[in-house]
There are 2 protein chains.
Amino acid sequence: MRLVVARCAARYTGRLTAELPLATRLVVVKADGSVLLHSDGGSYKPLNWMSPPCSLAVAEPDDDAAARGVVEIWHVQHAKSDDRLEIELHEVLHDSAHELGVDPGLVKDGVEAHLQKLLAEQIHLLGAGHVLVRREYPTAIGPVDILAKDPAGGAVAVEIKRRGDIDGVEQLTRYLELLNRDPHLTPVRGVFAAQEIKPQARVLAHDRGITCLVLDYEAMRGMDDASTRLF
Amino acid sequence: MRLVVARCAARYTGRLTAELPLATRLVVVKADGSVLLHSDGGSYKPLNWMSPPCSLAVAEPDDDAAARGVVEIWHVQHAKSDDRLEIELHEVLHDSAHELGVDPGLVKDGVEAHLQKLLAEQIHLLGAGHVLVRREYPTAIGPVDILAKDPAGGAVAVEIKRRGDIDGVEQLTRYLELLNRDPHLTPVRGVFAAQEIKPQARVLAHDRGITCLVLDYEAMRGMDDASTRLF
DNA sequence: CGCTCGATGTCGCTG
DNA sequence: CAGCGACGTCGAGCG
């Protein structure tokens, strides 16, 4: 990894065109050739960048550029598209290189996939006597998170979100509309399950006859741990 | 901006929980207090981070941590939530600070608006005899990209996307519902136009009587260039 | 390789 | 401040 702090200007062309006027920034060149241009604030997102796979070619400035104070021009070209990032370096304030090695990567916990897995295992949370049909039950517009049967044999479609927003209710509504066209399934009941359900989503869900179910992730994981520990 | 290259481990708790095992990484501390943890590859996104506003507190390791080789612990706490990032530094390989100043920011020029402009100019792409009424035709829930009239005088509402997804069909459906309440306009026909239309979106659109139109951006731009060149 | 969907999404605009 | 749409969305998982 190479770290350069420099006064620089940049231009990106590709899916859009964007310009960065002359200012002092951090330029990071990673081992895979990717380049990041960071300002001293904002957020984790760079002002501009090039994703791997890409190649970096360093060029001397032409007379015109040299006259503008450019000491080096970096051409960063994406390998599989015509995306291009051009950086004009005017003054290099810091330049260092470091061997970092391969990163073992981030281990996440508590994302939607976990919730889905846990609810599938603890399907009784939908109510006593419910039975799992399958996870990711396919429809023409995409898979429903969970399809289950209630004690009376009626189909139940479950949409799971970490945070229950209106979007999720809309999504579930579309699934229900399609599933209810299947004579073998209809009538299909809808359950909107999330760790936290926004009031608006709750209202909309209720309006459409969809049941809301708040999931307690910690408790569900506790159950999972318990069962794992037992066997 | 402070740049630290160090062997470190990290843990994030907040909207989810995530862990980073011990490895050598770049730690960036920006002027606004935000922190980025980058590996030597991947993409522009850090492995882990804390967005501003947040505060950084440096602590000495306790005996247990010191025994594990920790030389310093950074507690990064978000100011407005309980999001928290904890970084254990095991070995600092580089540490430098730099004054960058304020960044003038990125100037963008997008493709999205261009598509709308081109289709408005080449409204015949909707079918021979179509006439533009106006771009950004206002409704109570926001402007429709294009309103046109077909040769029979019927209203046509067009939603334009670069990538045609289900969301866009939903959006157009809402517009159509509102537009069709206007007795001067109804019945309004819907056209979903995009450079690329996903199969699911196509199914949903067809289901709702909405026409799909694939736009050839290059060809449309070519037409534009040609007309520009001629006059 | 393409497609779909989630995301600590983030960003920016508007009411 | 909230809501909503766009993003150079990115990235994982699956067929």
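Residue numbers start from 1 in every chain, and the chains themselves are labelled A, B, ... in the order their sequence lines are given, proteins ahead of strands. Note that these values count all heavy atoms, side chains included, but never hydrogens, waters or copies made by symmetry.
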How many whole angstroms separate atom CD of A:E196 from atom C1' of C:dA7? 15 Å
Would you mind telling me which residue lines up with the more 5' stretch of DNA chain C, A:D145 or A:K80, judged by nearest nucleotide? A:K80
Any side-chain donor-acceptor pair under 3.5 Å between B:Q116 and B:R135? yes
Closest to the 5' end of DNA chain C, once A:S43 and B:L16 are matched to their nearest nucleotides, is B:L16
Between P on C:dT10 and CH2 on A:W49, what's the gap in Å once rounded to a whole number? 14 Å
Whole-Å distance separating the CG atom of A:L115 from the C1' atom of C:dG6: 12 Å
Value in whole Å for how far the C1' atom of D:dA12 lies from CD of A:E112: 13 Å
Flag the pair A:E88 and A:R68 as a salt bridge only when some basic side-chain nitrogen lies within less than 4.0 angstrom of an acidic carboxylate oxygen. yes
Does B:R174 have a side-chain nitrogen or oxygen under 4.0 Å from the phosphate oxygens OP1 or OP2 of D:dC4? no
Greater than 12 external heavy atoms within 6.0 Å of B:H206's NE2: no
If only side-chain N and O atoms of A:R162 are considered, is one of them under 4.0 Å from the OP1 or OP2 phosphate oxygen of C:dA7? yes
Figure out the CG/C1' separation between B:D165 and D:dC4, and round it to whole Å. 16 Å
Want to settle it: does B:L106 or A:D167 sit nearer the 5' end of DNA chain D, counting the closest nucleotide to each? A:D167
Pair B:R174 + B:E170, salt bridge at N-O below 4.0 Å: no
Out of D:dG5, C:dC5, C:dT10, whichever nucleotide has its closest atom nearest the side chain of B:K161: D:dG5
Check whether more than 12 heavy atoms from other residues, nucleotides or ligands sit under 6.0 Å from atom CZ of A:R84, and answer yes or no. yes
If you look at every strand shown and take non-hydrogen atoms under 4.0 Å, does A:R84 touch a base, only sugar-phosphate, or nothing? nothing
To the nearest angstrom, the CD-P distance between A:E170 and D:dG3 comes to 15 Å
In whole angstrom, give the distance that lies between atom CD of A:E136 and atom C1' of D:dA12. 12 Å
What nucleic acid atoms does A:Q116 come within less than 4.0 Å of, heavy atoms only: base, sugar-phosphate, or nothing? nothing
With a non-hydrogen cut-off below 4.0 angstrom, is B:Y44 in contact with a base, only sugar-phosphate, or nothing? sugar-phosphate
Could you check how far CD1 of A:I160 sits from P of C:dA7, rounded to whole Å? 11 Å
Side-chain atoms of A:K45 come closest, of C:dG6, D:dT9, C:dC11, to C:dC11
Judged by each residue's nearest nucleotide on DNA chain D, which is more toward the 5′ side, A:L85 or A:K198? A:K198
Using a heavy-atom cut-off of 4.0 Å across all strands, would you classify A:M50 as base, sugar-phosphate, or nothing? base
Please pick, from D:dA6, C:dA7, D:dT9, the nucleotide with the shortest atom-to-atom distance to any side-chain atom of A:V111. C:dA7
Which part of the nucleic acid does A:G142 contact within heavy-atom distance under 4.0 Å: base, sugar-phosphate only, or nothing? sugar-phosphate
Distance check: side-chain N/O of A:Q200 vs OP1/OP2 of D:dA2, anything under 4.0 Å? no
Parallel, tilted or perpendicular: ring planes of B:H38 versus A:H38, cut at 30 and 60 degrees: perpendicular
C:dG6 OP1/OP2 closer than 4.0 Å to side-chain N/O of A:R163: no
